[in-house]
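Counting convention: from 1, in listed order, for ligands and their atoms alike. Heavy-atom basis, side chains included; hydrogens, waters and symmetry copies ignored.
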Amino acid sequence: MHIRFHSLTLSRPLYAKIPTMSKRILVVDDEIDIVEAIANILSLEEYAILKAYRGYDAVKTAIKEKPDLIILDVKMPVMDGMDTLHELRRKGFDNPVIVISGHGDVKTAVEAVRLGAFDFLEKPLSQNGLLIAVQNALNSPTETETDEPDGQNQIIGQDPAFIQCLRVAERIAPTTAPVLITGDTGTGKEVIARYIHEHSKRKKRFVEVNCAAIPDELIESELFGHIKGSFTGAIADKTGKFLAADGGTLFLDEIGDMSLKTQAKVLRAIQEKIIIPVGSNTPISVNVRIISATNKNLAHEIEENRFREDLFYRLNVIELKMPSLAERKSDIPLMIDYFAMISGKENGLKQVRFTDDAKALLAERDYPGNVRELKNLVERIVVISQKSTISMEDVKMILDNRFDIPAGDFQETTALPVAPGPSEIDFFKINSLKEFRDRIERLFIIEKLKQNKFNISKTAEIMETPRSNLYKKLEQYDIDVKELEAYYGKKT
Ligand SMILES: Nc1ncnc2c1ncn2[C@@H]1O[C@H](COP(=O)(O)OP(=O)(O)OP(=O)(O)O)[C@@H](O)[C@H]1O
Ligand SMILES: [Mg+2]
């Protein structure tokens, strides 16, 4: 076992290597400023950043998103870095973790490494040390592929309306023709974009840009890159997304939200197949396949002079319109089975299934948020019911809002509604002893957490149970300590 203190070793030059694949890094610290500082440094290097401010949140995100690397602060309230690391390993997260400690505490470092941390960095972090540690961790042999063939990320559907889309996607995948994917929110535009890439001969990267999420001042540098010193804050050369996608696919998501000024530049890049990084005058030739997506009506945007017609024709060589869920109702039962299986797995429940009448009830509903809305609803039902067979009655109870589900919430979230208080559960409607016990246990744990200011170690101690068991229970009952703390924190 050896521990490296990178803040002391500056043997390799800064920005020695630009990463060739968009690796995803989860940064975890309770101090927002530190998360932002680390994220800023890493995103200059083309890494995609996920953020969490609590250990419990980090575990959830890590399991869901499987980042390639986690950078984890040791000192955090509620669930500290060591607890978090422990939980991550227990749940099978085996990508590298770099631990950050505030006081160069060698004991903590040793413990972290023993628990399987890849490396250890001391605050204050040096930019150089951070980047080198990150590069080393990402190049380490322990790194595992993120796309595991474990049944996650499958494309579900057999309705003719959907199969038609899929066939078109497969047929055009090997070509370089630009594809514009349209369709309402949550219909699977991104899912199909990735599918096209996977079925293309372009085995290089799939690079995604969410045009709606990047401020206008930054989008040019984001897309085309920049030269060190070309504007304030450009502290190093940056590779743009076009170049990053060279030989691969560039997915321009929410293209309808791109400003006219940027549209002009994108048009030129597509037409001439060259890009010029901000601050440079050397053109670089690029070979990218463009897939764009929008839920806006671009014809209407053109009429309103918000979208360039010439760009539209460039992007829209092939248009793929994703059907709404209402247009492929026969897929709903299949999707319920699939989403139930996934969220069951995530919540430690084996072989969750919905009875036929439960599925029929769900199939009758409207889903303005389409597949995403259905997925979230199934997830919530699974989490709230905590059963392996979910009946129509169970679904009804939840749809009747007995469990306080925020209406119309189509956002991608696993957050549970705040735990219902005793008065909100009608215990005598419950038949099985096990369910009764589970519900009571859940409430009991929440109450004890509240009494102990959401300190997990202390709560476990008071409950006279090992901390690991408490974690298991928190997971089993999907108790989100951070959310509870945020909710009750001010009241206790
Ligand atoms: N055919 C499908 N099979 C399985 N999951 C799907 C399918 N289509 C969509 N999903 C899931 O539904 C959610 C929404 O899909 P996606 O992000 O691709 O939609 P979108 O059309 O890009 O939405 P938006 O317009 O809001 O960006 C994702 O969680 C995705 O995994
Ligand atoms: Mg999308």
Side-chain angles (χ1 to χ4, degrees), residues 48 50 60-61 63-66 146-170 179-199 206-214 249-258 290-298 301 315 319-346 354 359 362-363 367-380 382-383 408-415:
L50 304 163
K60 273 193 150 180
T61 307
I63 300 310
K64 196 162 172 233
E65 303 285 348
K66 297 209 180 88
T146 48
D147 297 323
E148 278 158 35
D150 61 352
Q152 307 262 352
N153 298 324
Q154 275 193 59
I155 287 207
I156 304 299
Q158 59 172 29
D159 194 288
F162 177 68
I163 290 297
Q164 207 184 339
C165 271
L166 214 56
R167 293 293 161 260
V168 174
E170 283 161 9
V179 186
L180 174 67
I181 305 170
T182 58
D184 291 343
T185 181
T187 48
K189 294 186 292 295
E190 179 167 347
V191 166
I192 202 95
R194 289 180 187 276
Y195 185 82
I196 294 173
H197 175 72
E198 277 154 25
H199 286 76
F206 178 91
V207 177
E208 182 189 347
V209 187
N210 186 332
C211 305
I214 303 166
T249 304
L250 180 63
F251 178 47
L252 299 173
D253 201 4
E254 320 276 5
I255 187 92
D257 293 276
M258 187 181 269
I290 308 268
I291 302 182
S292 39
T294 181
N295 51 27
K296 288 196 171 164
N297 178 344
L298 288 187
E301 296 300 297
L315 298 173
E319 183 180 345
L320 205 55
K321 187 178 177 320
M322 295 305 292
S324 68
L325 199 54
E327 292 166 307
R328 49 185 293 210
K329 268 189 180 288
S330 77
D331 282 339
I332 293 179
L334 284 183
M335 288 185 168
I336 295 173
D337 287 337
Y338 175 66
F339 296 141
M341 188 263 291
I342 294 192
S343 43
K345 246 194 209 169
E346 279 172 5
F354 282 62
K359 284 194 259 188
L362 286 172
Y367 294 92
N370 294 294
V371 184
R372 180 181 295 116
E373 187 182 354
L374 177 64
K375 182 179 176 184
N376 287 343
L377 180 59
V378 169
E379 218 166 68
R380 277 164 198 254
V382 168
V383 163
D409 177 7
F410 313 142
Q411 295 308 306
E412 206 91 32
T413 171
T414 53

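Under a 4.0 Å heavy-atom criterion, G186 is in contact with ligand 1.
Residue-to-ligand polar distances place G188 within reach of ligand 1: an N/O pair is separated by less than 3.5 Å. For ligand 1, none of its N or O atoms has an N or O atom of V371 under 3.5 Å away. Not a single N or O atom of Y338, backbone or side chain, sits closer than 3.5 Å to an N or O atom of ligand 1. Considering backbone and side-chain N/O of D253, none are found under 3.5 Å from N/O of ligand 1.
Atoms of ligand 1 found under 4.0 Å from any heavy atom of Q154, numbered from 1 in the order shown, are 3 (N), 4 (C). Near I155, the atoms of ligand 1 lying under 4.0 angstrom from a non-hydrogen atom of the residue are 1 (N), 3 (N). Atoms of ligand 1 found under 4.0 Å from any heavy atom of K375 (numbered from 1 in listed order, with element): 29 (O), 31 (O). Short contacts between ligand 1 and N295, defined as distances under 4.0 Å to a heavy atom of the residue, involve ligand atoms 25 (O). In summary, the atoms of ligand 1 found under 4.0 Å from a heavy atom of I156, numbered by their order in the structure, are 1 (N), 2 (C), 3 (N), 4 (C). Applying the 4.0 Å criterion to heavy atoms of E254 picks out, from ligand 1, the atoms 27 (O).
Contact check for L180 versus I291: no side-chain heavy atoms found under the 4.5 Å cut-off. In this structure, L320 and T182 have side chains that are not in contact, with every pair of non-hydrogen atoms separated by 4.5 Å or more.
Contacts between Y195 and ligand 1, counted as non-hydrogen atom pairs separated by less than 4.0 Å, are absent for every part of the residue.
Residues satisfying the side-chain hydrogen bond (donor to acceptor under 3.5 Å, both in side chains) test with Y195, not counting sequence neighbours, are E170. Under the rule for a side chain to side chain contact (heavy atoms under 4.5 Å, CB included), the partners of D253 that lie at least two apart in sequence or sit in another chain are E190, E208, F251, A293.
Formation of a donor-acceptor pair under 3.5 Å by the N370 side chain with backbone atoms of R372 is not found in this model. When atom types are taken as modelled, the side chain of K66 and the backbone of T61 share no donor-acceptor pair closer than 3.5 angstrom.
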